[in-house]
Amino acid sequence: MTRSQEGPHAGRLDGARPVPAFEITVDGRPVPAAPGQTIGAVLHAAGVVSWRTTRVGGRPRGLFCGIGICFDCLVTVNGTPSLRACQTEALPGDRVTTG
Amino acid sequence: MPGSGHEGPGTRDLAIVGAGPAGMAAAVAASRAGLDVVLVDAQARLGGQYFRHAPPGLRAGHPGTPQRGFGRFTRLAEALTGVDVRLGHRVWAVEKAVEKNAERNTAGNAGKAAGNDPGNEADQNPGKDAAAGFIVHCLAGTRDERRVTLRARRLLIATGAHDRPLPFPGWDLPGVLTAGGAQALLKGDLVPAGRTVVVAGTGPFLLPVAAGLAEAGARVAGVFEANGGAGLAPALAVRPGKLAEGAGYLWRLARRRVPYAVRHAVVEAHGGDRLTHVTVARLGRDWTPGARRTIACDALAVGYGFVPQIELATQLGCATEAGGDGEQVVVVDAGMRTSVPGVYAAGEPTGVGGADLAEAEGWIAGRAVAADLGRPVRPAPALSRRRDRLAAFGRAMQDAYPVRDGWKGWLRGDTLVCRCEEVPYARVREALALGATDARSVKLLARPGMGWCQGRVCGYAVARLAGETSPPPRRPVAHPVRLGDLAGLPDRADETQGTANDPAGEEAR
């Protein structure tokens, strides 16, 4: 498994060594994921903290409430828009597109 | 024959919304008393926020210390055998089932029960409250949503609470999370919110968040509690053991050289496309900011208390009142009965008080429902006394960690108040200048609270800016739904799937 080294705390999982791990992609770039992790957690751990921009100000947004109430973390996965990253479990091969 | 009417094979005795400490305890209590219980939760795993835990695949190989309260959680979870547990089900509306029998010989009992002996939550006249029951509308699954409709004779609302943020310049930058969000990320996904994290806000919850982050390997650059802790004496008089718990957290922080300061707050977050540092200010008694300094960090976990999630209760018309922290709470009697016959509430919706109180209220509610449905339930006065003591502690803690008005001085004209609709403080000020005197008028004029989150995030701040406490939520739809789901089109493909997969009575319209 290739771990991204680009993030501020790339791939760190609080000491966990989950097996089997897998990858998802963010705009084509592979990032490591573990079974049961949310898309938001996978992205955050890889140092990707925003994946959409706001309608009015064009400002970046990512995780905020982390429990599904704020809808800041809306993400497009495999072409499906407006999924909450903090509530959507990452699955092998998921393609996240940002912007 | 699903959906054929009340009391049919599809109607359970009790539907519980929320599988945290309150909902789990209530489910165990009610099922032990012989009730047919369905327990519904939006999350993928049991436990709610307090018992949030990593999935088995992630914990494998994890050598870490056992999570606090995990033994309690496991015992509750193992006792749920016989309960129909529906995870990944988001409830977007609840309604009373239409009464088909015009000669219903029933009457509500909530008002009468208010005067009951607190130790005897058993209704002495079971069966008289045989309302047609309730319909619980859910969306199941995250990627391929399908509608699921559940029916039950009684309904328990155990929906917990969410963080209560305050706006400040830069709070919309990526890297700024609520304290609860950072905790969820750590407990549920084993991901620290950042490499260098600042924890700020008010209330005892900041301590476990900071300690957890520090022990997970993040550098916690500071914990900033806006209040002084001077008002803690009444709370600790009720639960002296909590002093040791608080001291334990402070010791864990000190051991990792985490700076902890009272009467300080993060008043601004900085960065271009993501958080790079924060401004911390010393606070006056009214939270007016004084001397400032900056701290470099890539994550901020911030929270100023919690908002009870009560919109399902208000959908049904349950009476609410302002709690000690200004938040609306559901009014309940000693058996956790709301003002609407057949509807019960337990845990944070009746007043934020923590997991111990929530669990106690869950036990009481589950037993009360069973008693009201005619099952033999022995009085448990000790349980009621415990609940009263824990509730008193919760109220005293709210008093010790108030939100002072000085936070309004942190705002600038371009500071977003509503993150969803991107409403800056200047527009809220304009609405107030135009004569808006309450949160609802501000919302209609400037649109804060009209976006995806329906005001859950900014509702408290907008109300305070309008000079009032939080009004009861008006959310006829508690969760965003597709128009097709709202219209209840009968020809959806999921209809047959929903019923075929669930002979026990799930109905997908």
Report task. Please test A:Thr98 against A:Val26 for side chain to side chain contact (heavy atoms under 4.5 Å, CB included), starting from the C-alpha separation and ending with a verdict. Result -> CA-CA 7 Å; A:Thr98 72; A:Val26 185; 3.9 Å; yes
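- Contacts between A:Leu91 and chain B at a heavy-atom distance below 4.5 Å involve backbone atoms as well as side-chain atoms.
- Between chain A and the options B:Arg419, B:Gln309, B:Arg90, the largest number of non-hydrogen pairs under 4.5 Å is found for B:Arg419.
- Using the six-membered ring where Trp is involved, B:Phe306 and B:Phe205 have ring planes that are perpendicular, over 60° apart on the 30 and 60° scheme.
- Within a 6.0 Å sphere centred on CG of B:Asp414, heavy atoms belonging to other residues, nucleotides or ligands number more than 12.
- Looking at B:Leu275, there are no atoms closer than 4.5 Å to chain A (heavy atoms on both sides), in backbone or side chain.
- Of all the listed residues (B:Gly88, B:Ala184, B:Gly180, B:Gly181), the one sharing the greatest number of non-hydrogen pairs under 4.5 Å with chain A is B:Gly181.
- Only the side chain of A:Leu83 comes within less than 4.5 Å of a heavy atom of chain B; its backbone N, CA, C and O stay farther away.
- Pairing each heavy atom of B:Glu311 with each of B:Ala478, the nearest pair is CG-CB, 3.7 Å.
- Interface remark: B:Ala44 contributes no atoms to any contact with chain A (heavy atom separation under 4.5 Å).
- Using a 4.5 Å cut-off between heavy atoms, B:Cys420 contacts chain A through both its backbone and its side chain.
- Most heavy-atom pairs under 4.5 Å with chain B: of the set A:Asn78, A:Val42, A:Leu63, A:Thr80, this distinction falls to A:Leu63.
- Between chain A and the residues B:Leu177, B:Thr196, B:Val176, the largest count of heavy-atom pairs under 4.5 Å involves B:Leu177.
- Considering all non-hydrogen atoms of both residues, B:Arg274 and A:Gly47 come closest at NH1-O, 3.2 Å.
- With respect to B:Glu327 and B:Arg164, a salt bridge is recorded, a charged nitrogen being found less than 4.0 Å from a carboxylate O.
- In this structure, chain A has no heavy atom under 4.5 Å from any part of B:Gln183.
- Using a 4.5 Å cut-off between heavy atoms, B:Gln454 does not touch chain A at all.
- Contacts between A:Arg55 and chain B at a heavy-atom distance below 4.5 Å involve backbone atoms as well as side-chain atoms.
- Summarising the local packing, CZ of B:Arg143 is surrounded by more than 12 heavy atoms from other residues, nucleotides or ligands at distances under 6.0 Å.
- Using bins of under 30°, 30° to 60° and over 60° for the plane-to-plane angle, the ring pair B:His277/B:His270 lands in the parallel bin.
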